[in-house]
Amino acid sequence: MNLKNEISRIIAHAVVSAVEDGIFPKEVSQVEAKVEYPRDQKFGDYATPFALESAKLIRKSPLEIGACLAKYLAADPRIGKVEVAKPGFINIFVSNSFLFNNLKEIIRQGADYGRSGNINPRRVNLEFVSANPTGPLNIVSARAAAVGDTIANLLEFTGDEVDREFYVNDYGNQVALLGASVLARIRELRGGQSVFPEDGYQGEYVKEIAAHIAETFADEINAIGDENRLIDFLAEKSVAYNLEQQKKDLEDFNVRFKTWYSERALHDKGAVLEARDILAQGNKSYTEEGKVFFRSTDYGDDKDRVLVRDDGRPTYFLADIAYHNDKIRRGYDLIIDIWGPDHHGHRARLSAAMKALGFSEENFNILIAQQVNLLMDGETVRMSKRMGRFSTMRDLINEIGVDVARYFFVMRSLESHLDFDLTLAKKESSENPVFYLQYAHARICSLFREARKRGVAYDPGESRRELLENEESLGLMKHLAKFPEEVLDAARKYEPHRITTYLMKLAQGFHKFYTEHRIITEDREQSISYLALSDAARVVMANGIKLLGVSAPEMM
RNA sequence: GCGCCAGUAGCUCAGCGGAUAGAGCAACGGCCUUCUAAGCCGUGGGUCGCGAGUUCGAUUCUCGCCUGGCGCGCCA
């Protein structure tokens, strides 16, 4: 039950009726009836500018049209009152009986309230984080992890099947460089002289990896005489080590991937060269100066991109095409990538490649997780793996906790730059918005503990509508009724921050209701009615918080 | 030079083409003998970067500027 959609349907139906009765010309049925939230609640729960937008067509004043339509709308039992306001807005008030029925529905559905079934679920591949396995996960990865996981939760909740996927860049120069860096550190550990590679990874963590590997694989290291083979060996072990750490960090962050897709495996099984051939066969590439170029300009890119270098080695881009071709072959209906800000320049070329591979444009989305400015004591902290000065996702979890971190990341829209003040987040954690939500949840749980203690037999079926017809209760019920549509909106637009905004308002509504009304009293029916409303608020709060991957404590 | 993202309250940010632009934090003033005060109520605080255009109507859409951040490898 999605109230906003229902309202939209009711309006469309009213228009059709008016056309049938000869009041409106029939072209009007083509006009889309938009439904929006009025700014001020005195303008109703929903409003439609339909009369304003169809005035020219109908050749009547918006106010007249509105008055006409209002009669038809008011016939629906879900609508309590319809008003037409100055320029021509039609303001719609939801009926109390609908709100009350919905309240019982929320309690009945429990954890499923807000879920939308989908007759044809889409198979979705959501790739996110995909950090290089050359070091610990950083703050931008944490942001992508929080937002990506929440988007996946939202899509699942709205009826899609989602596979969470992590692309492991375990191939190429960066990996070799890591191997060389580790080798240098191992030699240092062993008291020998070594030249640290130029552009090598200088972070302290490389020493930790070196120490770990030197100990675990001492025999193997000693046995390999050839320097390049040794670097390869160390690179492989270092990547495995980093990957394990990354996995652990993500699990501690409540993010679990179904698939860890190895770039190396893609090369090993020949998929990369196959992708080259597919593009060549479709005449989507050409050779020039010994290099193979993809005709990406045919698909909207600025310039053609190199797929194979003149020495025969494939580029990262070609591997990425092969990877996405593999995703297509695995039969996904919708493919979403979340990338870091440093990759946004690659958007056009990969979109071009997807088009060239015949995958429909609207089913492929690249979202960019914009940069995070990490502030410490008011100062920007530079984050660079190679410079070795950066703060990790692990630090973040340890310092402010999973709940606060996830909430903060999801709170802002993904494509906005984010200033994250670690010191502040930690210091002021008790005044954090996330606690505001959790507190509302815990408070309701506490109410029920109290009710049980006092022997109140709670049965939501015994609650009564008339006992909830006050400002705070009705306001809260209205907001609860909007949860399914908010969830659907957030899912369709990949905007999980809408959920945090919704939940803040829910918590506010509950706290206000709680302050104004004493829930448990001598009046049994009143108590049960208020408990039912609290129960519904708890259900929605719990469902919403769960979508964010944040915990909903029963006691604080 | 080109591209991406942003510019809204002191700070961090919401605002799906609509009505008097909001929240959190910060500041100030009230509210606990009674179900959790991590709460509630109130006050102050804005030329929505600037200029045009489209529209009945623009913070929202288009274009042009200005400012800030990032990216512009045949690295991954």
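Per chain, numbering begins at 1; letters A, B, ... match sequence-line order. Computed from a predicted model, the values in this text were never measured in an experiment.
- With contacts defined as side-chain heavy-atom distances shorter than 4.5 Å, the pair A/His511/A/Tyr436 qualifies.
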For residues 488-497 of chain A, tabulate all N or O donor-acceptor pairs below 3.5 Å that involve a side-chain atom, not counting sequence neighbours.
{"residue": "A/Tyr494", "atom": "OH", "partner": "A/Asn365", "partner atom": "ND2", "Å": "3.4"}
{"residue": "A/Glu495", "atom": "OE1", "partner": "A/Arg498", "partner atom": "NE", "Å": "2.7"}
{"residue": "A/Glu495", "atom": "OE1", "partner": "A/Arg498", "partner atom": "NH2", "Å": "3.3"}

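- In this structure, A/Asp403 contributes its side chain and A/Val550 its backbone to no donor-acceptor pair below 3.5 Å.
- The six-membered or imidazole ring of A/Phe166 lies away from that of A/Phe128, with a centre-to-centre distance of 6.0 Å or more.
- Taking the C1' atom of each, B/G57 and B/A21 are spaced 15 Å apart, rounded to whole Å.
- Between A/Lys453 and B/C35 there is no side-chain polar atom (N or O) within less than 4.0 angstrom of OP1 or OP2.
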Atom pairs, protein N/O to nucleotides 59-61 of chain B N/O, distance under 3.5 Å:
{"residue": "B/U59", "atom": "O4", "partner": "A/Arg39", "partner atom": "NH2", "Å": "2.5"}

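- One can place CZ of A/Phe420 at 14 Å from C1' of B/C13, the figure rounded to the nearest angstrom.
- Heavy atoms of A/Met411 sit nowhere under 4.0 angstrom from any nucleic acid atom.
- Aromatic rings of A/Tyr530 and A/His517 (six-membered ring for Trp) have centroids within the 6.0 Å cut-off, being under it.
- Residues A/Ser141 and A/Asn138 have side chains in contact (heavy-atom distance under 4.5 Å, counting atoms from C-beta outward).
- For the pair A/Thr287 (side chain) and A/Gly290 (backbone), a donor-acceptor distance under 3.5 Å is absent.
- Nucleic acid contact for A/Asp301: none, since no nucleic acid atom lies under 4.0 Å from a heavy atom of the residue.
- Distance, A/Asn432 CG to B/C11 P: 20 Å, rounded to whole Å.
- On the C1' atoms, B/A6 is 12 Å away from B/C13, given to the nearest whole Å.
- A straight line from CG of A/Leu266 to C1' of B/A76 spans 14 Å, rounded to a whole angstrom.
- Evaluation of the side chain to side chain donor-acceptor pair (under 3.5 Å) rule for A/Ser130 yields A/Glu127 as partners, not counting sequence neighbours.
- Between A/Ser446 and A/Thr48, the one whose closest nucleotide on RNA chain B sits nearer the 5' end is A/Thr48.
- As judged by a 4.0 angstrom heavy-atom cut-off over every strand, A/Lys505 is placed among residues making no nucleic acid contact.
- When heavy atoms are screened at a 4.0 angstrom cut-off, A/Leu307 is found touching no nucleic acid atom at all.
- Counting any heavy atom pair closer than 4.0 Å across all strands shown, A/Arg305 reaches no nucleic acid atom.
- With both ends at atom C1', the span from B/U12 to B/G7 equals 14 Å, rounded to whole Å.
- Using atom C1' as the reference point in both B/C2 and B/U55, the two lie 33 Å apart (nearest Å).
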| task | Summarise protein proximity over nucleotides 4-10 of chain B in one line of letters, 5' to 3': B for base, S for sugar-phosphate only, - for none, counting protein heavy atoms closer than 4.0 Å. | result | BB-----
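- Judged by distance alone, with hydrogens and angles left aside, A/Asp342 brings no side-chain donor or acceptor close enough to the base of B/A76 to form a pair under 3.5 Å.
- Judged by ring centres under 5.5 Å apart and planes tilted less than 30 degrees, A/Tyr171 fails to stack against the six-membered base ring of B/A76.
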| query | Reading nucleotides 39-47 of chain B from the 5' end, what letters show protein touch, with B for base, S for backbone sugar-phosphate only, - for no heavy atom under 4.0 Å? | reply | SSS------
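- Both A/Asn173 and A/Asp40 lie near RNA chain B, and the one whose nearest nucleotide falls closer to the 5' end is A/Asp40.
- Residue A/Gln438 is out of contact with every strand shown, counting any heavy-atom pair closer than 4.0 Å.
- Straight-line distance between the P atoms of B/A9 and B/G22: roughly 14 Å, to the nearest whole Å.
- Remark: A/His497 is in phosphate contact with B/G15, judged by side-chain N or O atoms under 4.0 Å from OP1 or OP2.
- Judged by distance alone, the side chains of A/Asp337 and A/Tyr167 never bring a donor and an acceptor atom under 3.5 Å apart.
- Taking atom P in both B/G17 and B/U60, the straight-line distance is 11 Å, to the nearest Å.
- Donor-acceptor pairing under 3.5 Å is lacking for the side chains of A/His346 and A/Asp320.
- Side-chain proximity of A/Arg309 to the nucleotides B/C16, B/C75, B/G18 is greatest for B/C75.
- Look at the C1' atom in both B/C48 and B/A23: the space between them is 16 Å, to the nearest Å.
- Between the side chains of A/Gln245 and A/Tyr205, no donor-acceptor pair of N or O atoms lies under 3.5 Å.
- Between A/Leu533 and A/Leu468 there is a side-chain heavy-atom pair separated by less than 4.5 Å.
- Annotated as syn: B/C32, whose glycosidic dihedral is within 90° of 0.
- For A/Ala47, the listed nucleotide lying nearest its side chain is B/A19; candidates were B/G18, B/U36, B/A19.
- Aromatic ring centres of A/Phe43 and A/Phe89: separated by at least 6.0 Å.
- As judged by a 4.0 angstrom heavy-atom cut-off over every strand, A/Glu486 is placed among residues making no nucleic acid contact.
- Distance CG (A/Asp302) to C1' (B/G3): 7 Å, rounded to an integer number of Å.
- In this structure, CZ of A/Phe409 is placed 13 Å from P of B/C13, rounded to the nearest angstrom.
- Closest contact between the side chain of A/Asp419 and the listed nucleotides B/C13, B/U20, B/C16 involves B/C13.
- A donor N or O paired with an acceptor N or O is not found under 3.5 Å between the base of B/C16 and the side-chain atoms of A/Glu36.
- Residue-level contact check: A/His346 touches the bases, meaning some heavy atom is under 4.0 Å from a base atom.
- A salt bridge is defined here as a Lys NZ or Arg NE, NH1 or NH2 lying under 4.0 Å from an Asp or Glu carboxylate O, and A/Arg313 with A/Asp311 meets this definition.
- For the pair A/Arg443 and A/Tyr514, the cation-pi criterion (under 6.0 Å, within 45° of the ring axis) is fulfilled.
- Nucleotides B/U47 and B/C63, compared at atom C1', are 22 Å apart to the nearest Å.
- Applying the salt bridge (Lys or Arg N to Asp or Glu O under 4.0 Å) test between A/Asp45 and each of A/Lys478, A/Lys4, A/Lys482, A/Lys81 identifies A/Lys478 as the sole match.
- Here B/A14 presents its P atom at 15 Å from CD1 of A/Ile499, a figure rounded to the nearest Å.
- When the C1' atom of B/G15 is taken as reference, atom CG of A/Asp489 falls 13 Å away, rounded to whole Å.
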| query | If you write RNA chain B from 5' to 3' in dot-bracket form, with Watson-Crick or G-U pairs under 3.5 Å, [ ] for crossing pairs and | for pairs with another strand, what do you get? | reply | (((((((..((((....[...)))).(((((.......))))).....(((((..]....))))))))))))....
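- Residue A/Leu57 contributes atom CG, which lies 14 Å from atom P of B/C56 at whole-angstrom precision.
- Within 4.0 Å (heavy atoms only), A/Ala440 reaches no atom of the nucleic acid at all.
- Side-chain contact between A/Phe420 and A/Phe409: present, with at least one pair of heavy atoms (C-beta onward) separated by less than 4.5 Å.
- Judged purely by distance below 3.5 Å, without hydrogens or angles, the side chains of A/Glu485 and A/Tyr37 pair a donor atom with an acceptor atom.
- Checking B/G24, B/C70, B/A76 against the side-chain heavy atoms of A/Asn132 singles out B/A76 as nearest.
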